[in-house]
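One-based numbering, in listed order, for ligands and for the atoms of each. Everything numeric in this text was worked out from a predicted model, so none of it was measured.
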Amino acid sequence: NIKACIFDLDGVIVDTAVYHYKAWKRLAAGLGFDFSEHDNERLKGVSRMRSLEIVLECGGVTKTDAEKEQLAAQKNTWYTEMINQMTPAEILPGAQEFVQSCRDAGIKTALGSASKNSMTILNKLNIVNLFDAIIDGNKVSKAKPDPEVFLKGAEELSIEPQFCVVFEDAIAGVEAAKAGGMKAVGIGDANILHEADMVVSGLDKVTLEQLEILP
Ligand code: B16
Ligand code: MG
């Protein structure tokens with residue numbers, strides 16, 4: 001009795017983390033320090049401003065709020081230059097097919113992302129129409145692990161949380177889903193996403209039948 005599936009964007013539908021990483025690395029270099037791929041893991045699912053704070057922390061740098069606004073804007077300029085070059089070929093394996101199979105089965109679909117650039121990305125991938133509701137960083141005030149983004153998705157779809165399954169690659173996202181009273185399918189490593197009800201490596205590895213037997 002699953003009635004809605006809510007999908008995170010970065011790490012589930014597409015791998016924008018590589019572009020976020022390049023932009024943060026460039027920003028860090030300008031500030032005189034290196035930003036590693038290992039540290040980049042900490043930014044997944046985290047808002048832009050909080051990401052900047054983590055980056056600055058990694059470099060041991062302090063900035064005023066006004067300077068932070070400017071740095072975040074600079075990073076976003078570089079990031080948007082990259083995502084504007086994206087094509088549908090970058091959709092992760094099985095993602096489009098799985099979301100479509102939900103729709104074909106009468107299950108509602110929503111996007112639940114922290115990104116304020118979600119619409120640009122969905123347009124570039126040509127998959128705006130795959131989602132009945134799109135909730136992103138522009139519509140929420142509380143970041144994951146707060147459940148706001150997913151609860152708003154459920155509300156827009158008019159489906160109660162217990163009938164929703166969230167697909168997430170970030171620990172904070174899985175926590176948000178559980179805090180909202182939803183089922184969570186982790187995309188990635190089961191040792192990291194241990195709070196999820198089930199973990200798979202990608203949307204190409206999950207079936208609707210499996211969703212029906214989630215606890
Ligand atoms: P933006 P998701 C998140 O996307 C990313 O994982 C995270 O790294 C990023 O900082 C955040 O979006 C905000 O993105 O700067 O575009 O507003 O995983 O929630 O889809
Ligand atoms: Mg994500």
* Taking side chain as C-beta onward, heavy atoms only, is D204 less than 4.5 Å from F98? -> no

* To do: Check the side chains of N117 and D136 for a donor-acceptor pair under 3.5 angstrom, ignoring hydrogens and angles.
  => no

* Does NZ in K139 sit with more than 12 non-hydrogen atoms of other residues, nucleotides or ligands closer than 6.0 Å? -> yes

* To do: Note the single closest protein heavy atom to atom 20 (O) of ligand 1, along with its residue, its atom name and the distance in Å.
  => S113 OG, 2.7 Å

* What protein heavy atom sits nearest atom 11 (C) of ligand 1, and how far away is it? -> V46 O, 3.1 Å

* Of all the heavy atoms in G45, does at least one lie under 4.0 Å from an atom in ligand 1? -> yes

* Return yes when S51 approaches ligand 1 closer than 4.0 angstrom through a heavy atom, no otherwise. => yes

* Counting heavy atoms only, which of D8, D136, V149, L9 is nearest atom 2 (P) of ligand 1? -> D8

* Asked: Which of the N/O/S atoms in D8 sits closest to the Mg ion (ligand 2)?
  -> OD2

* Are a donor atom and an acceptor atom from the side chains of E90 and Y19 found within less than 3.5 Å of each other? -> yes

* Give a yes/no verdict on a cation-pi contact between K25 and Y21, requiring under 6.0 Å between NZ or CZ and the six-membered ring centre and an angle within 45° of the axis. => no

* To do: Identify which of S115, G11, G173, G112 has a heavy atom lying nearest to atom 12 (O) of ligand 1.
  => S115

* Asked: Tell me, which protein residue and heavy-atom name are nearest atom 19 (O) of ligand 1, and how many Å apart are they?
  -> A114 N, 2.7 Å

* Asked: Any N/O of N76 closer than 3.5 Å to an N/O of ligand 1?
  -> no

* Are the charged groups of E168 and K144 less than 4.0 angstrom apart, N to O? -> yes

* Does any donor atom in the side chain of K44 or H20 lie under 3.5 Å from an acceptor atom in the other side chain? -> no

* Asked: When you check the side-chain N and O atoms of E67 and T64, is any donor under 3.5 Å from an acceptor?
  -> yes

* Asked: Relative to the heavy atoms of K116, which atoms of ligand 1 are at a distance of less than 4.0 Å?
  -> 1 (P), 16 (O), 17 (O)

* To do: For the Mg ion (ligand 2), decide whether E168 has an N, O or S atom at a distance under 2.8 Å.
  => no

* For ligand 1, is there an N or O atom under 3.5 Å from any N or O atom of D10? -> yes

* Asked: Does the N or O separation between K144 and ligand 1 drop below 3.5 Å for any pair?
  -> yes

* Asked: If the Mg ion (ligand 2) is the vertex, what is the angle to O of D10 and OD1 of D169, rounded to 10 degrees?
  -> 90°

* Asked: Salt bridge between E156 and K152, side-chain N to carboxylate O under 4.0 Å?
  -> no

* Structure fact -> CG of D15 to CG of L92, rounded to nearest 0.5 Å, is 6.0 Å

* To do: For atom 15 (O) of ligand 1, grab the closest protein heavy atom and report residue, atom and distance to one decimal in Å.
  => R48 NE, 2.8 Å

* Asked: Can you tell me which residue and heavy atom of the protein come closest to atom 8 (O) of ligand 1, and the distance to 0.1 Å?
  -> L43 O, 2.9 Å

